[in-house]
Asks: 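Please read through the structure below; I'll follow up with questions.
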Amino acid sequence: MRRLGYDPPPMTDVRTRFAPSPTGYLHLGSARTALYNWAFARRHGGKFILRIEDTDRERSTRESEEAVLEGLRWLGLDWDEGPFRQSENAQRHREVVEQLLAQNKAYRCACTRESLELRKQASVDAGGRGVYDGHCRELDLGPDCGPHTVRLRLPPDGMLGFRDAVFGPSGQDASQIGDAIIQRSDGSPLFHLAVVVDDIDMGISHVIRGADHHPNTPFQIALYQALEVEPPTFAHIPLTIAESGKKLSKRRDNVSIQQFQEEGYLAAALVNWIVRLGWSHGDEEIFALDDIRRLFDLESVGRSAARAEIAKLQWLDQHYIKQLSMNELLQQARPHFERVAERPVEDTPELRKLLDLLRERSKTLVEMAELAHWYLRDEIEYQEKAVKKHLRGSALTVMRALLERMSEAEEWSEEVLEGIFHDVAAALGDLKMGKLAQPIRVAVTGGHSSPGIFETLVVLGEKRTIQRIGQAIELIERRDAVATDD
Ligand code: GLU
């Protein structure tokens, strides 16, 4: 056993862990905890361990566990040991409780729930803290005392202190906590006991976790003392909050990593955004996983809650989308493109050109796929406003002239198309380019925003362009004929 005391362990044997309770998805806050633990272990050449805290049997299905693992893999956070399951250690937890009982560091408590409630209320009414009053502390109850819990015998007073790597000196007086339960009457361990025993058994050197666990730590320190093990270094990281400053809410906010993935964010952007929720390194904003594993430190984790600003994430995502190699971009964008296309999307020079054009103007891959709808689908959706403004009777002459020239084009290139547009503009009385480009853009994409018109037409290809312009001309003719009939 290690020496009792509060000196942080030497950094030569860093072992961190991520200990999620599976909920069916990887929560944004949990992902940050995982990332910080991963980064700290990597920075110090240590080990990162995964432990699934599956003691809530109902919520801890294999599927919900797998969702957490999938999220970690997608973010690129690899672990060295595990996943272990807390439930597998149940026997060990019971043994430790037995050991504490044998050493008189814990005792059985046969107080009923009702009597505890009454006494707690009386204590609160008298201005007390409502902590356990020590009723069974000296009764020396044996295993045959009927239904009972087991409580840790805390020192009667004295500080249960620790030095938090983020919050600094922390702790609470033992008398304010009271002898809390470590084993339920059904023999199952309480969270604190399971966490401390598992952390000891796994040789965890640094416990990096959400600040919601900061108030739990003094009691855990008492457990370390009872077990005569030097506690690990604790680092509690401030909570992540919504942009509004309120608590993140599952209903209101996106808190699931899988959902961010579905919304078309790159893992690299998400990791970069998450690491900056509470950690900084000078004025720098861009951190790839490799930078994070090289630079991450606990000293630069802030103490105030971090706001999850989506605009920042979008900015980062755009940054990473622009950086990707064409092959990577294609690979990342393809599933999103196929969802819009509702069929497999072929790798063609036109598709690659389109990706290059759209990456300049897309904040996410989903946005990119939506901007590419006119390429991906055979049936285009006309936007009503754009049709009203640009597909008018007065555009027919221009459209017919362009269609005629395009049908005769010997080559389908930007230069040739530009030549055709200039000729037609000149022939029809020196028209401005917009007068030609906008109706054609609406005809081939359904809307009035797309990359440059010549690039758009080249990407779409000769056949589809000609078919769509013909279709738009028919649409105008039919509509105007109906209008005249009226
Ligand atoms: N399973 C706990 C949670 O998901 C974490 C426990 C710990 O990190 O000590 O909040």
Side-chain angles (χ1 to χ4, degrees), residues 26 28 31-32 34-36 38-39 42-43 70-78 240 254 256-297 300 306-341 345-373 375-376 449-452 455-456 458-459:
L26 181 57
L28 177 59
R32 187 183 55 154
L35 175 59
Y36 285 14
W38 175 89
R42 294 288 169 264
R43 165 94 193 262
E70 264 310 308
L72 293 176
R73 284 189 202 107
W74 182 68
L75 291 174
L77 305 181
D78 54 333
T240 306
N254 183 2
S256 145
I257 295 302
Q258 277 83 358
Q259 195 179 328
F260 281 112
Q261 180 180 12
E262 280 163 25
E263 286 178 8
Y265 292 100
L266 295 173
L270 210 52
V271 158
N272 195 147
W273 184 58
I274 291 173
V275 82
R276 288 283 291 107
L277 296 173
W279 176 79
S280 57
H281 183 74
D283 296 334
E284 284 171 45
E285 288 293 351
I286 302 296
F287 300 96
L289 263 186
D290 259 355
D291 303 320
I292 296 171
R293 63 189 293 156
R294 208 163 34 82
L295 299 172
F296 183 81
D297 61 338
S300 309
R307 275 176 207 249
E309 287 177 50
I310 298 297
K312 196 97 172 260
L313 173 60
Q314 292 181 339
W315 178 80
L316 285 165
D317 204 48
Q318 185 152 35
H319 168 84
Y320 284 100
I321 287 177
K322 283 186 193 164
Q323 301 270 311
L324 288 177
S325 73
M326 179 45 72
N327 284 340
E328 282 168 335
L329 180 60
L330 182 62
Q331 191 201 345
Q332 299 273 356
R334 209 172 200 158
H336 299 285
F337 274 41
E338 294 190 338
R339 204 164 308 135
V340 171
V345 170
E346 241 184 282
D347 177 7
T348 60
E350 287 76 25
L351 176 69
R352 286 171 176 252
K353 187 174 166 72
L354 179 62
L355 285 169
D356 244 343
L357 293 171
L358 293 181
R359 70 156 107 198
E360 293 303 320
R361 48 173 76 201
S362 309
K363 290 190 286 292
T364 67
L365 296 173
V366 163
E367 187 181 10
M368 199 172 200
E370 280 161 7
L371 288 173
H373 67 94
Y375 175 83
L376 297 171
S449 60
S450 79
E455 289 161 330
T456 301
V458 167
V459 164

Asks: Going through the checks in order, is the side-chain contact (heavy atoms from CB on, under 4.5 Å) test met by L316 and L266?
Replies: CA-CA 9 Å; L316 285 165; L266 295 173; over 6 Å; no
Asks: Identify the heavy atoms of Q332 and H336 that sit nearest to each other, and give their distance.
Replies: O-CD2, 3.5 Å
Asks: Could you state the interatomic distance from CZ (R32) to CG (L270), rounded to the nearest 0.5 Å?
Replies: 13.0 Å
Asks: Please set out all donor-acceptor pairs under 3.5 angstrom arising from side-chain atoms of residues 362-370, sequence neighbours excluded.
Replies:
unit_1 : atom_1 : unit_2 : atom_2 : d
S362   : OG     : L358   : O      : 2.6
T364   : OG1    : V366   : N      : 3.3
T364   : OG1    : E367   : N      : 2.9
E367   : OE1    : K363   : N      : 2.7

Asks: By side-chain hydrogen bond (donor to acceptor under 3.5 Å, both in side chains), which residues pair with N327, not counting sequence neighbours?
Replies: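 With sequence neighbours excluded, N327 shows a side-chain hydrogen bond (donor to acceptor under 3.5 Å, both in side chains) to R352, given in chain and number order.
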Asks: Who are the ring pair (Phe, Tyr, Trp, His ring centres under 6.0 Å) partners of Y36, not counting sequence neighbours?
Replies: F296
Asks: With the threshold set at 4.0 Å, does a side-chain nitrogen-carboxylate oxygen contact exist between R73 and E70?
Replies: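 Salt bridge between R73 and E70, a charged N being under 4.0 Å from a carboxylate O: yes.
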Asks: Look only at the side chain of R307 and the backbone of T240, and say whether a donor-acceptor pair between them is shorter than 3.5 Å.
Replies: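 Not a single qualifying donor-acceptor pair exists.
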Asks: So which atom in E360 and which in Q318 form the shortest heavy-atom distance, rounded to 0.1 Å?
Replies: O-NE2, 3.3 Å
Asks: Tell me which pairs pass salt bridge (charged side-chain N to carboxylate O under 4.0 Å, His left out) where either residue lies in residues 268-277, with sequence neighbours left out.
Replies: R276-E285
Asks: Looking at residues at least two apart in the chain, or sitting in another chain, which of them share a salt bridge (Lys or Arg N to Asp or Glu O under 4.0 Å) with D297?
Replies: none
Asks: Walk me through whether W38 and R293 qualify under side-chain contact (heavy atoms from CB on, under 4.5 Å).
Replies: CA-CA 8 Å; W38 175 89; R293 63 189 293 156; 3.9 Å; yes
Asks: Determine, stepwise, if the pair I257 / L72 fulfils side-chain contact (heavy atoms from CB on, under 4.5 Å).
Replies: CA-CA 9 Å; I257 295 302; L72 293 176; over 6 Å; no
Asks: For residues 316-333, pull every pair meeting salt bridge (charged side-chain N to carboxylate O under 4.0 Å, His left out), keeping only residues two or more places apart or in separate chains.
Replies: none
Asks: Hey, are the side chains of N254 and I310 touching, using non-hydrogen atoms and a 4.5 Å cut-off?
Replies: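 Not touching, per the 4.5 Å side-chain cut-off.
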Asks: Please name all residues satisfying side chain to side chain contact (heavy atoms under 4.5 Å, CB included) with R294, sequence neighbours left out, ordered by chain then number.
Replies: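 D291.
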Asks: For L295, is there any backbone N or O sitting under 3.5 Å from a side-chain donor or acceptor partner on R43?
Replies: yes
Asks: With sequence neighbours left out, write down each residue that passes side-chain hydrogen bond (donor to acceptor under 3.5 Å, both in side chains) with W273, or none if nothing qualifies.
Replies: none
Asks: Show, in sequence, the C-alpha distance, side-chain angles and deciding distance for L35 and L75, and conclude whether the side-chain contact (heavy atoms from CB on, under 4.5 Å) test is met.
Replies: CA-CA 9 Å; L35 175 59; L75 291 174; over 6 Å; no
Asks: Ring centres of F260 and W74 under 6.0 Å apart?
Replies: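 Judged by ring-centre distance (under 6.0 Å), F260 and W74 do not meet the cut-off.
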Asks: The criterion is salt bridge (Lys or Arg N to Asp or Glu O under 4.0 Å); which residues satisfy it with E262, sequence neighbours excluded?
Replies: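 Not a single residue meets the salt bridge (Lys or Arg N to Asp or Glu O under 4.0 Å) criterion with E262.
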Asks: Do S450 and T456 get their side chains close enough for a donor-acceptor pair, meaning under 3.5 Å?
Replies: yes
Asks: Using a strict 4.0 Å threshold on nitrogen-to-oxygen distance, state whether R42 and D290 make a salt bridge.
Replies: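 So R42 does not pair with D290 through a salt bridge.
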Asks: Looking at residues at least two apart in the chain, or sitting in another chain, which of them share a side-chain hydrogen bond (donor to acceptor under 3.5 Å, both in side chains) with R359?
Replies: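 If we apply the side-chain hydrogen bond (donor to acceptor under 3.5 Å, both in side chains) test to R359, skipping adjacent residues, the hits are D356.
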Asks: If you look at every heavy atom in G278 and A306, which pair is closest and at what distance?
Replies: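 Heavy atoms only, the tightest pair is N-CB, 3.8 Å.
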Asks: Could you grab the distance from atom CG of L330 to atom CG of L324, nearest 0.5 Å is fine?
Replies: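 These two atoms lie 11.0 Å from each other.
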Asks: Could you measure the distance from the CD1 atom of I286 to the CG atom of N272? Nearest 0.5 Å is fine.
Replies: 5.0 Å
Asks: For the residue pair A269 and L313, what are the closest heavy atoms and their distance?
Replies: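 Nearest heavy atoms, A269 then L313: O-CD1, 3.9 Å.
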Asks: What residues, two or more places apart in sequence or in another chain, satisfy side chain to side chain contact (heavy atoms under 4.5 Å, CB included) together with Q323?
Replies: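 Testing Q323 for side chain to side chain contact (heavy atoms under 4.5 Å, CB included), a comparison that skips the adjacent residues, returns H319.
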Asks: In chain order, what residues pass the side-chain hydrogen bond (donor to acceptor under 3.5 Å, both in side chains) check against E263, with sequence neighbours excluded?
Replies: Q259
Asks: Working to the nearest 0.5 Å, report the span between CG of L371 and CG of L357.
Replies: 11.0 Å
Asks: Looking at every heavy atom in both L77 and A31, which two are closest together, and how far apart are they?
Replies: CD1-O, 4.4 Å
